[in-house]
Amino acid sequence: MASKFKIPHTFTIVFCIVVACAVLTWLVPGGEFSRDDAGNVIQGTYHAVDNAPQTWQIFTAFFDGFQKAANIIVFILMIGGAFWILNETNAVSKGIYSFLGFTQKLQKIKLLQKIGVNNLVIVLIMILFSAFGAIFGMSEETLAFIAIFVPLAVSMGYDSVTGVLMCYVAAHVGFAGALFNPFTIGIAQGLSGLQPFSGLGYRLICWLILTTIAIIFTLIYASHVRRNPEKSFMHEADGFWRDKVNQQTDNEVQKSTLSTWIVFGLVSALLIFLAIRYPYTDISVGGGHSHLMVFPIVAAVFIILGALAARKSVHSYIMTLLFLTIVMLIVGVLGYGWYVGEIAALFFAMGLATGFAFNTRFDQIIRQFLEGCKDMLNAALIVGIAGGIIIILQNGHIVDTLLYGSSNAVAHSGKEGALGGIYLIQNLLNLIIPSGSAKAALTIPMMAEFSDLIGISRQTNVLAFQFGDGFTNMITPTSGVLIGVLGIARISYAKWAKFILPFIISLVIIGFLLLLPTIYLPINGF
């Protein structure tokens, strides 16, 4: 009897992709565009260069990939270590059970009984994260939330995939909707000579449609899993998460200790210092700026809520620290331009603070942190190895050749055909260049003039780039964020790709249908 087919390990899949890209460097002619000092493509400068076939470089590509993705790799390790310290306190488990108890009380309300409290929770979380993706381009930041929403989803009777849909997929659907996303819309419109964040009205409609579709998809899948948990393709693997959330099911209240109050005092003092040092913060959302008293408000709210939580229990206080961390993350990203380095430091500080608040010895906190890093090592390694894919293509000098050839292929196919070709190119290019900023710098200068020649507005071209950059982010194996998310959630890439592919295809088709009105109707900004 023939043995059943076994899905290859993610390392195997990524290595095969690297080898396939190396083969392409032997088959595709080398070519390059000239670029200005900002790295933008100069029109009409494509020229052939000597081939650079890759052979043994498939091995050095891994080393280069680790260097290229070093920030994401370290970010994953630090997040893993911080959340391991947090999980050792059982505060998240108690917080989840407290939340579920609260939702059960809401079930007594007749209107909510009909809607379903769990459905309402999923909808609200997805709207929030989709808005984050659309407004400030949340992507890497979702790595920090996976360790929260996956166990929450499992404890609600769903699976780890539902947790990823609630957080990561919602944010990336919003990323594609891009109301004010500075990494896609901001850069692409600037390179196209358009007013920053113009055409907002139609993009808002697109965002609402895409977010609604993502929510419906998630609710249908979540409902299916809740009715038949064993039929989830992650049911066996989710045993890890079920064990995690079941570690602490009792209602025993653990009182705060002197260490808890010392941490409360130190954090409060730090927030007061920030309130005095930075009384006002410029919050940038899209093209708008608000001058707000962020730190004074945050300090006042934390001191009140933190004191009440610490009086109740140490677990309540630790959950307050977690919420403070999330608030500081949002303020840091919107007000101070934080990226993965600052975010990793923030969660590292949270991990130390929770450990001390729980009266854990410093040496034990460090051991817990290292255990968390060890737990995330597999995910971090895959991110580095996946980075070798683009390294091979770049070293082989075929990225620009693929772009140039694709552009020429759609030059004489009418408005609809050309628009579809531009859109297809952006989707396919995203499989090898997941960075929206890099792809904008590479493609928009050329595509903007190309759209002028075929009678398509530059705004439409930017929208095609926006959709093409966003949808396939959720399946591209070269995305360090995706690989990191799957690693933290303990979902294999092969299983994820098989599950999410039909949804991605649906989004791509819907995206094209949303593009068509922009070439037929007089839409403001287009």
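Only this structure's heavy atoms are used, side chains among them; waters, hydrogens and symmetry mates stay out. Count residues from 1 along the sequence. Quantities reported herein were computed from a predicted structural model and do not represent experimental measurements.
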Passes ring pair (Phe, Tyr, Trp, His ring centres under 6.0 Å), W496 versus Y493? Steps please.
-> CA-CA 5 Å; W496 172 258; Y493 174 79; 9.0 Å; no
Is the backbone N or O of N359 less than 3.5 Å from a side-chain atom of S259, with the two atoms forming a donor-acceptor pair by type?
-> no
Check: F323 and L305 side chains under 4.5 Å, non-hydrogen atoms = no
Contacts of type side-chain contact (heavy atoms from CB on, under 4.5 Å), residue A153, not counting sequence neighbours | Y158, T162, M166
Can the ring centres of F356 and Y317 be said to be less than 6.0 Å apart?
-> no
Evaluation steps, side-chain contact (heavy atoms from CB on, under 4.5 Å), between I185 and Q466 = CA-CA 7 Å; I185 287 295; Q466 168 186 328; 2.7 Å; yes
CG of D159 to CE of M234: how many Å apart, nearest 0.5 Å?
-> 7.5 Å
Begin with the C-alpha distance, continue with both residues' side-chain angles, and end with the deciding distance and a verdict on side-chain contact (heavy atoms from CB on, under 4.5 Å) for F295 and R277.
-> CA-CA 9 Å; F295 285 123; R277 181 70 176 82; over 6 Å; no
Nearest 0.5 Å please: distance from the CD1 atom of I500 over to the CD1 atom of I505.
-> 11.0 Å
Is any side-chain heavy atom of R490 closer than 4.5 Å to a side-chain heavy atom of V150?
-> no
Any side-chain heavy-atom pair from F233 and V161 closer than 4.5 angstrom?
-> yes
With side chains defined as the heavy atoms from C-beta onward, is the minimum distance between T257 and V314 less than 4.5 Å?
-> no
Looking only at non-hydrogen atoms, find the nearest pair between R226 and P229 and report the distance.
-> O-CD, 3.7 Å
Any donor-acceptor pair under 3.5 Å linking the side chain of W241 with the backbone of A489?
-> yes
Under 3.5 Å side-chain donor-acceptor pair for T476 and S479 = no
L271 vs L324, side-chain contact (heavy atoms from CB on, under 4.5 Å): CA-CA, chis, key distance, verdict | CA-CA 10 Å; L271 290 175; L324 172 66; 4.1 Å; yes
Heavy atoms of Q368 and W84 approach each other most closely as O-CD1, 3.1 Å
Taking all heavy atoms of H224 and all of K231, pick out the closest pair and write down the distance.
-> NE2-CB, 4.2 Å
Enclosure of E236 CD (heavy-atom neighbours >12, cutoff 6.0 Å) = no
Is T89 reaching over with its side chain to a backbone N or O of I85, donor-acceptor style, under 3.5 angstrom?
-> no
Out of curiosity, T354 OG1 to E88 CD, how far, rounded to the nearest 0.5 Å?
-> 10.5 Å
Verify side-chain contact (heavy atoms from CB on, under 4.5 Å) between V508 and F467, making sure each step is shown before the conclusion.
-> CA-CA 8 Å; V508 170; F467 290 162; over 6 Å; no
Is any side-chain heavy atom of F264 less than 4.5 Å from a side-chain heavy atom of F302?
-> yes
Where is the tightest heavy-atom contact between P477 and I483, given as atom of each residue plus distance?
-> O-CG1, 3.8 Å
State which residue, out of V23, V19, I391, fulfils the side-chain contact (heavy atoms from CB on, under 4.5 Å) condition with I58.
-> V19
Are F83 and F347 an aromatic pair by the rule of ring centers under 6.0 Å?
-> yes
In Å, rounded to the nearest 0.5 Å, how long is the span from OG1 of T472 to CD1 of I504?
-> 7.5 Å
Could you pull out all residues at least two apart from L308 that satisfy side-chain contact (heavy atoms from CB on, under 4.5 Å)?
-> I304
Donor on one side chain, acceptor on other, T55 and Q57, under 3.5 Å | yes
Who pairs with E371 by salt bridge (Lys or Arg N to Asp or Glu O under 4.0 Å), at least two apart in sequence or on another chain?
-> K374
Which atom pairs, one a donor and one an acceptor, fall under 3.5 Å between side chains of residues 120-135 and the rest of the protein, sequence neighbours left out?
{"from": "S130", "atom 1": "OG", "to": "W207", "atom 2": "NE1", "distance (Å)": "2.8"}
{"from": "S130", "atom 1": "OG", "to": "T211", "atom 2": "OG1", "distance (Å)": "2.8"}

Any T281 side-chain heavy atom under 4.5 Å of L292 side chain = no
Answer yes or no: are there more than 12 heavy-atom neighbours, outside Y336 itself, under 6.0 Å from its atom OH?
-> yes
State the CG-CG distance between L377 and L370, to the nearest 0.5 angstrom.
-> 11.5 Å
Pairs meeting criterion salt bridge (charged side-chain N to carboxylate O under 4.0 Å, His left out) with involvement of residues 349-365, two or more places apart = D363-R367
Do F362 and F369 pass the ring pair (Phe, Tyr, Trp, His ring centres under 6.0 Å) test, and can you show the C-alpha distance, the side-chain angles, and the key distance before you say yes or no?
-> CA-CA 11 Å; F362 181 69; F369 179 80; over 10 Å; no
Would you check if the side chain of T25 reaches a backbone N or O of Q54 as a donor-acceptor pair within less than 3.5 Å?
-> yes
May I ask you to test the K312-T320 pair for a side-chain heavy-atom distance under 4.5 Å?
-> no
Heavy-atom pair of closest approach, residues S256 and A310 | OG-O, 2.5 Å
Mind listing the side-chain donor-acceptor pairs of residues 169-177 below 3.5 Å, one per line with the distance, residues two or more places apart or on another chain?
{"from": "H172", "atom 1": "ND1", "to": "Y168", "atom 2": "O", "distance (Å)": "3.1"}
{"from": "H172", "atom 1": "NE2", "to": "S139", "atom 2": "OG", "distance (Å)": "3.2"}

Any side-chain heavy-atom pair of S232 and Y221 under 4.5 Å = yes
I318 CD1 to T260 OG1 distance, which is reported to the nearest 0.5 Å | 7.0 Å
Nearest heavy-atom pair of L393 and C21: which atoms, and what distance?
-> CD2-CB, 3.8 Å
Under 3.5 Å: donor-acceptor pair, side chain of S223, backbone of L219 | no
